[in-house]
Amino acid sequence: MRDKYILAVDDSRTNLQIIRGILEGTYTLMLAISGETALKYIDRRRPDLILLDLMMPGMSGRETYAEIRKKPGCGEIPVIFLTASRDEDLEVECLNMGATDFIAKPIVAEILERRIERALMPADIRKEMSGELKEKSAEIERLSLQAVGAIAQALEARDPMTRGHSLRVAECSRAIAEEMDFSPETVEQIYQTAMLHDVGKIGIPDSILKKEGRLTPEEYKSIKEHTTIGANILGAISSIGYLEDGARYHHERYDGNGYPRGLRGREIPVVGRIIAVADVFDALVSRRYYKTRMDREAARKEILSGAGTQFDPEIVSVFIRLLDIGKIPDYSGDGDPDPADADSGGRPGDQGSDRGRHERRQK
Ligand SMILES: [Fe+2]
């Protein structure tokens, strides 16, 4: 690397010394205390890379950059801006100007070294690496989804009564999201999120999940925890940041009386509001340990009556429209629609889909 020549430009001698301390011995260095000096050095020898302080008295980093680019043969030299500011707009502006990179001060040795190594790579290799990185992260996302999908399957295998519930809720949520004109990428994320909304039930004992009678207050409290348990499981998958909201918020209610946080209206992430409708409808038209199946017309009425209280009225109207034009599949001929949702479709005391069970049982 000694053959690579780096020009560092900064009005602070301390910063220049720091840069020298990090890079000396690895690269050939030239240190300039101002933009004007830097331009003179460049006339003498063309650097392979320039570290350029953005905020300098006299000729600013921006002006120096513009002058460098005007020099013959200097249009493609990688330039990394250095600045104390953490302003994102500034960062975007630098990158838009054509800067290769942007490093915030104080300078961290490892970051400086890695960024320089990367900037010095031939452009085609850099491009190839970023393509590979994209592929790798897509692969990680696929594998992570497979892993959590396996947990969801394990959950449904545990309880024949809820088999298929997650898939139906996911498909219904996807239909609603499409109708709401979300981008295809967001629709897919909502689908995946809905598929895993009840994953936290893995942490709830069978004696509660499969209980046929009313839940005691303690049991009900325990079942409510599936939202937080699920969110914690999914939140641990750092490669996919969007999954946990479905698990956490699908039992929130529009009027603020849901759980776990008691959020109200649009405070509830939209994915939670969508899944809430899909989840309750599926639970209503499914058989559960504690209730028989409700017919679709009655379930339609039940969902409509919850608009503005339990559910987001806008999402209810989208759902009802889809239902009325036959876009919500009728699974009532299937075997045992899922009770995996011990909490969906009305469990004692549930504020969400479990609520019905509670109320109906009380009658
Ligand atoms: Fe649930």
Side-chain angles (χ1 to χ4, degrees), residues 148-149 151-159 161-173 176 190-206 208-211 215 219-235 243-254 257-263 268-291 299 302-303 306 310-312 315 319 337-360:
V148 278
I151 302 176
Q153 275 181 13
L155 174 74
E156 297 208 343
R158 182 176 156 199
D159 186 351
M161 195 76 98
T162 47
R163 201 158 293 152
H165 172 72
S166 300
L167 181 62
R168 293 194 298 275
V169 170
E171 286 179 348
C172 181
S173 299
I176 295 172
I190 289 174
Y191 175 81
Q192 298 292 353
T193 304
M195 183 76 94
L196 299 165
H197 72 282
D198 266 344
V199 88
K201 284 187 177 161
I202 205 95
I204 309 298
D206 269 358
I208 299 177
L209 271 190
K210 298 184 180 177
K211 184 170 175 180
L215 298 175
E219 288 167 338
Y220 180 54
K221 191 169 165 241
S222 158
I223 214 164
K224 289 203 287 191
E225 284 170 5
H226 79 280
T227 49
T228 312
I229 296 172
N232 291 342
I233 291 173
L234 299 171
L243 288 177
E244 64 179 278
D245 280 358
R248 193 184 308 279
Y249 299 115
H250 72 280
H251 287 290
E252 295 289 357
R253 289 175 52 109
Y254 200 71
N257 291 321
Y259 63 85
R261 298 201 174 156
L263 299 183
I268 308 163
V270 68
V271 67
R273 285 179 272 139
I274 290 175
I275 297 173
V277 174
D279 183 30
V280 172
F281 181 76
D282 188 69
L284 289 172
V285 297
S286 300
R287 190 165 75 76
R288 290 291 191 274
Y289 291 108
Y290 47 86
K291 71 169 193 71
E302 186 96 3
I303 296 288
Q310 184 167 359
F311 308 119
D312 179 339
I315 292 174
F319 172 79
D338 53 13
D341 253 343
D343 74 335
S344 295
R347 272 225 181 231
D350 196 340
Q351 309 269 339
S353 42
D354 294 340
R355 184 195 53 162
R357 177 181 182 182
H358 186 47
E359 291 176 347
R360 273 188 293 281

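Atoms within each ligand, like the ligands themselves, are counted from 1 in listed order.
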When rounded to the nearest 0.5 Å, the distance separating CG of Leu263 from CG of Asn257 is 12.0 Å
Single hit among Asp198, Leu196, Ile275 for side-chain contact (heavy atoms from CB on, under 4.5 Å) with Val169: Ile275
So, 2.8 Å as the limit: is an N/O/S atom of Asp279 located closer than that to the Fe ion (ligand 1)? no
Once rounded to 10 degrees, what value does the angle at the Fe ion (ligand 1) take between NE2 (His226) and OD1 (Asp198)? 80°
Among His165, His226, His251, which residue satisfies the ring-ring contact (aromatic ring centres under 6.0 Å, His included) criterion with His197? His165
To make sure I understand the geometry: which N, O or S atom in His251 is closest to the Fe ion (ligand 1)? NE2
Hey, what do you get for OG1 (Thr228) to CD (Glu244), rounding to the nearest 0.5 Å? 10.5 Å
